[in-house]
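We count residues from 1, following the sequence as given.
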Amino acid sequence: MFIGIQELRLHEIKFQEEIPHLDLGPDIRQSSPLRTAGRAALLREHLGRKQEIEDIRVVGEFSARLELNCARCLEPIARELDKSFDLLYRPQGADAGRDELTVTQAEADIGYYTGEGLQLEDVLREQVLLAVPLKAVCREDCRGLCPHCGRNLNVESCECASGEPDPRWAGLEQFKSKLPGPTRT
Ligand SMILES: [Zn+2]
Ligand SMILES: [Zn+2]
């Protein structure tokens, strides 16, 4: 859905949409349509004395169910998102005279639009990606994959750790064998 500056000059745009597929990249899959509702409005900002720029403010909320992979064991995990947003988009290049800007909506997150407006889908894609943790884990104590054989250590164990010692520990092993004390078996 396009939010156009022409239309916004006439009236606010309300939206209520279900977006079945947003392109979220290879690591995040959408397992339900993203639902969103809100409104967009034009906001005039004065740059210095003469110049006036037209900002687009988008306020609303969205919810979605996503599937991503655990950063340690790579198993799929489900995440529910339910967020609200209040965003301000300035025309690209408008910040040249930044110091003179009156920030009308100080708390709003600021982005930029080019040309005649912006796509609601782009706004939401960005909001979803911001809301998803960079390294999600299936559970706090996920043991991940064995770096040697690739087995999922949450479901099975492997002999790698007890077999060949990690070369980084070799020095320590030598040191330990020189220590006096009870013989280790
Ligand atoms: Zn995991
Ligand atoms: Zn292993």
Side-chain angles (χ1 to χ4, degrees), residues 1-72 74-140 142:
M1 177 187 170
F2 187 67
I3 300 174
I5 200 85
Q6 303 273 12
E7 194 180 347
L8 287 172
R9 284 186 189 126
L10 307 173
H11 56 81
E12 212 178 70
I13 299 175
K14 287 207 168 84
F15 56 87
Q16 180 152 21
E17 299 264 307
E18 277 197 17
I19 305 170
H21 182 76
L22 274 179
D23 184 11
L24 298 169
D27 300 326
I28 306 171
R29 295 163 300 278
Q30 220 178 301
S31 40
S32 78
L34 177 139
R35 287 167 206 273
T36 182
R39 62 199 157 79
L42 190 91
L43 220 75
R44 292 183 202 279
E45 236 183 320
H46 295 277
L47 269 187
R49 237 177 234 174
K50 296 187 191 103
Q51 207 193 342
E52 193 183 65
I53 56 166
E54 295 175 311
D55 296 341
I56 302 174
R57 185 179 177 193
V58 190
V59 183
E61 55 199 17
F62 72 89
S63 64
R65 215 174 311 140
L66 305 173
E67 193 183 86
L68 33 156
N69 296 329
C70 171
R72 290 184 207 151
L74 309 180
E75 287 297 306
I77 46 183
R79 278 282 181 281
E80 302 256 355
L81 291 183
D82 198 347
K83 298 256 171 195
S84 57
F85 52 87
D86 186 348
L87 310 161
L88 190 70
Y89 290 89
R90 291 205 169 114
Q92 189 80 49
D95 272 3
R98 175 157 216 143
D99 297 345
E100 300 173 60
L101 276 180
T102 337
V103 179
T104 353
Q105 186 67 28
E107 275 104 76
D109 290 313
I110 295 173
Y112 298 90
Y113 70 91
T114 42
E116 288 300 294
L118 45 91
Q119 292 287 347
L120 181 62
E121 286 77 8
D122 292 338
V123 172
L124 289 160
R125 178 183 306 116
E126 194 180 32
Q127 291 306 302
V128 169
L129 293 176
L130 282 174
V132 170
L134 273 181
K135 287 202 183 293
V137 284
C138 59
R139 50 179 219 232
E140 270 315 306
C142 169

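Put simply, the side chain of L87 does not reach to within 4.5 Å of the side chain of E126, judged on heavy atoms. With a 4.5 Å cut-off on side-chain heavy atoms, Y113 and P91 count as touching.
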Check: residues 58-65 side-chain donor-acceptor pairs under 3.5 Å, at least two apart:
residue	atom	partner	partner atom	Å
R65	NE	E80	OE2	3.3

Please list, one pair per line, the donor and acceptor atoms closer than 3.5 Å that link side chains of residues 18-30 to other protein atoms, with sequence neighbours excluded.
residue	atom	partner	partner atom	Å
E18	OE2	R35	NH1	2.7
D23	OD1	G25	N	3.3
R29	NE	E67	OE1	3.0
R29	NH2	E67	OE1	3.1
R29	NH2	N69	OD1	3.0
Q30	OE1	L22	N	2.7
Q30	NE2	I19	O	2.9
Q30	NE2	P20	O	3.1
Q30	NE2	S32	O	3.2

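Residues T36 and F85 approach most closely at OG1-CZ, 4.2 Å, considering heavy atoms. Residue F15 comes nearest to R39 through the heavy atom pair CE2-N, 3.4 Å, listed as atom of the first residue, atom of the second, then distance. Shortest non-hydrogen contact noted between L34 and V128 is CD1-CG2, 3.5 Å.
Remark: L130 CG is packed, more than 12 non-hydrogen atoms of other residues, nucleotides or ligands lying under 6.0 Å away. Dense packing is recorded around CZ of R139, with more than 12 heavy atoms of other residues, nucleotides or ligands lying under 6.0 Å away. The neighbour count for Q16 CD, taken as heavy atoms of other residues, nucleotides or ligands under 6.0 Å away, does not exceed 12.
The side chain to side chain donor-acceptor pair (under 3.5 Å) search around D122 returns R125, not counting sequence neighbours.
Between the CD atom in Q6 and the CD atom in E54 there is a gap of 9.0 Å [rounded to 0.5 Å]. For the atom pair E116 CD and I3 CD1, the distance stands at 14.0 Å (nearest 0.5 Å).
Between the R79 side chain and the L66 main chain, no donor and acceptor come within less than 3.5 Å of each other.
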Side chain to side chain contact (heavy atoms under 4.5 Å, CB included) between V123 and Y89: does it pass, once the steps are laid out?
CA-CA 10 Å; V123 172; Y89 290 89; 3.6 Å; yes

